[in-house]
2 protein chains.
Amino acid sequence: MATIKDVAKLAGVALSTASYALSGDSKVSSKTREKVLEAARQLNYRKNGFAMDLKRSRTNTIALILTDLSGPYYSELIRSVQDVALSNGYDLIACSSMGGKDSTAVKFLREKRVDGAIVLAHNITDDILLSSASAAFPIVVMDRKTTGEGLISVVVDGEQGGYDATRHLIELGHRQIAYISGPSNSFDNALRYQGFLRAMREAGLEEKAKWRLGGSFIREGGYKATKMMMMQGELPTAVFYANDEMAVGGIKALEEGGVSIPDEISVIGFDDIQLAEYVHPALTTIHQPMHESGSLAGHLLFQMLNGEEVNEAYKLKVELIRRNSVKQI
Amino acid sequence: MATIKDVAKLAGVALSTASYALSGDSKVSSKTREKVLEAARQLNYRKNGFAMDLKRSRTNTIALILTDLSGPYYSELIRSVQDVALSNGYDLIACSSMGGKDSTAVKFLREKRVDGAIVLAHNITDDILLSSASAAFPIVVMDRKTTGEGLISVVVDGEQGGYDATRHLIELGHRQIAYISGPSNSFDNALRYQGFLRAMREAGLEEKAKWRLGGSFIREGGYKATKMMMMQGELPTAVFYANDEMAVGGIKALEEGGVSIPDEISVIGFDDIQLAEYVHPALTTIHQPMHESGSLAGHLLFQMLNGEEVNEAYKLKVELIRRNSVKQI
DNA sequence: GTGAAAGCGCTAACAT
DNA sequence: ATGTTAGCGCTTTCAC
């Protein structure tokens, strides 16, 4: 691999001149520049990114950290983060936190391989976040409200969403409502569940233990939990899935069991993923403002990168989206 | 930010000793090691990743290059690449080729910020691929059959897929078949179209110009193309969407226009994305072996990274998936 | 077992 | 306008 040294030698100029020419500095004469560029071309010279980053001690890159690169993607969120990065002239890479402490994500965070990060990965501990973030290395976390030096949070009001979803069912006459839960260590799930409980309590309703089942936030989990619920004999009149992925799995289980939605049972989800609109029946759910939150997170990160002062926590509102999976009783 | 120098000083040892201790080299005495580790802890020392990469001149990271980080995701493919990377002890990052020559993807490729890459992005030119790849920097390209030094391809047999899809329609009695096309510069689209034409020709059928519309491989494009097709008055009995995303858009347009699928019109897609199973009616389509191709691409990349000899081009078979959007005429 | 020193490829301050 | 040079933070050879 040819280095800038080789280019300089071939062009017959000093190392620094070659560097200036290559980066388009105006103080180098156009004749010299041409010579250097030509030499670079001949040698198929490619600058070494690390050497530059090391010297500059910044990368011009931010990272988006996700639990799993293979989705389910909050594609709207990713898109808005991408747009913000692009418009700030920064590069964006995505990396996964699979593997926890040994994951790519943690490596990039700890070894400062980027200038800052947006984190949407519950398996990155607060500990790592707190010890990695600093004024010089800002982090925006989107799935919890942890804050600290260089660490701020942008979250969506999950408690209110859980409340709204449940309230919607109750207003339509439902009294027997199941809650299919996400992982017990999930902050998001906890909030949604709290909202669910608040609405239930307020309506003088009681949660039934047999109707609270775990689905781990994945489609297969929703499917299995629903199957299990159906095996128990008595069915609730409505079920609140703590996210849409599980609701999609649940719909499939219900369909297989010959339980018609929404005639025999109402189903509500949470997230408003793309698929929600396409399943049958179209899923009533709580919309998370993905675009807004991604965009906000991105902007905040750049403000921090620019040394501007920002608040330490932001909370965005959710919205009930009525489709066809919920019916008046 | 504390450097290894600071750690060494605080621990009262030489730079090199600190380095050895930190990387767990066995030749350093456990007493010294403890001293160094303790100093590192006190200073909240984090190694600088670039300095290490620069010195080592390898990153232990591979990149997956996608057109758009925000999907539509070939999530199965990503997952299998991720698995292979993980099992080889490598890190994986994803980056987007949006922005073409100025994209993050090109920067990572040219500046060798990773050890190798898997590319699934038609807007990365052959030129860039060829000039970036080398024995020391292997690339596997998955959306065309370009090959060269350090550059091999893993593709799916799109021509055969186009043929199979069309043949399926013809066998069920269809004679009037529309083709909703992807971007004209897409290699994938070209292959599928060739397969379509081969089946048509073989059956003595003629393609009608008015029934070949562009949809750019996106949902919205499929929707618009279908609307346009419907405005033309006469409808074909079947339509072949060059990918599932467009088919999903098309189904929506058809539904809105009150055209029933598959009774009045049959619809077939290509890709077998996750959504295909969930739209209504469930989409008959051509399955791409995402898992296999991702896994193969990953394994090949690591073989190249290990200096092993590999073939330069691999072609995988597709499979027709019959669901409910196609009907005998 | 530990330390001194070279150097990875680059940028930028400084000198000419 | 061009050249000289000092590092960026790390790994690793070589001497002790």
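Chain letters run A, B, ... following the sequence lines, proteins first and then strands; every chain starts at 1. As a basis for the values below, the full set of heavy atoms in this structure was taken, side chains included, without hydrogen atoms, waters or symmetry mates.
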Checking side-chain hydrogen bond (donor to acceptor under 3.5 Å, both in side chains) between A:Arg113 and each of B:Thr59, B:Thr61, B:Asn48, B:Asp53, which is the one that passes?
B:Asp53

Interface limits on DNA chain D, where chain A has a heavy atom under 4.0 Å of a nucleotide atom
D:dA1 to D:dG9

Do the non-hydrogen side-chain atoms of B:Asp6 and B:Tyr45 ever get within less than 4.5 Å of each other?
no

Does B:Phe187 have B:Arg144 sitting over its ring (NZ/CZ under 6.0 Å from centre, angle to axis within 45°)?
no

A:Asp25 side chain to A:Lys27 main-chain N or O, any donor-acceptor pair under 3.5 Å?
yes

Could you tell me whether A:Lys107 atom NZ has more than 12 heavy atoms of other residues or ligands within 6.0 Å of it?
yes

How does each nucleotide of nucleotides 8-16 of chain C score, in 5' to 3' order, for protein heavy atoms under 4.0 Å: base (B), sugar-phosphate only (S), or none (-)?
BBBBBB---

Side-chain contact, heavy-atom cut-off 4.5 Å: B:Leu10 with B:Val36?
no

For side-chain contact (heavy atoms from CB on, under 4.5 Å), just list the numbers for B:Leu151 and B:Thr146, CA-CA rounded to whole Å, side-chain angles, deciding distance to a tenth of an Å, and then say yes or no.
CA-CA 8 Å; B:Leu151 177 64; B:Thr146 307; 3.8 Å; yes

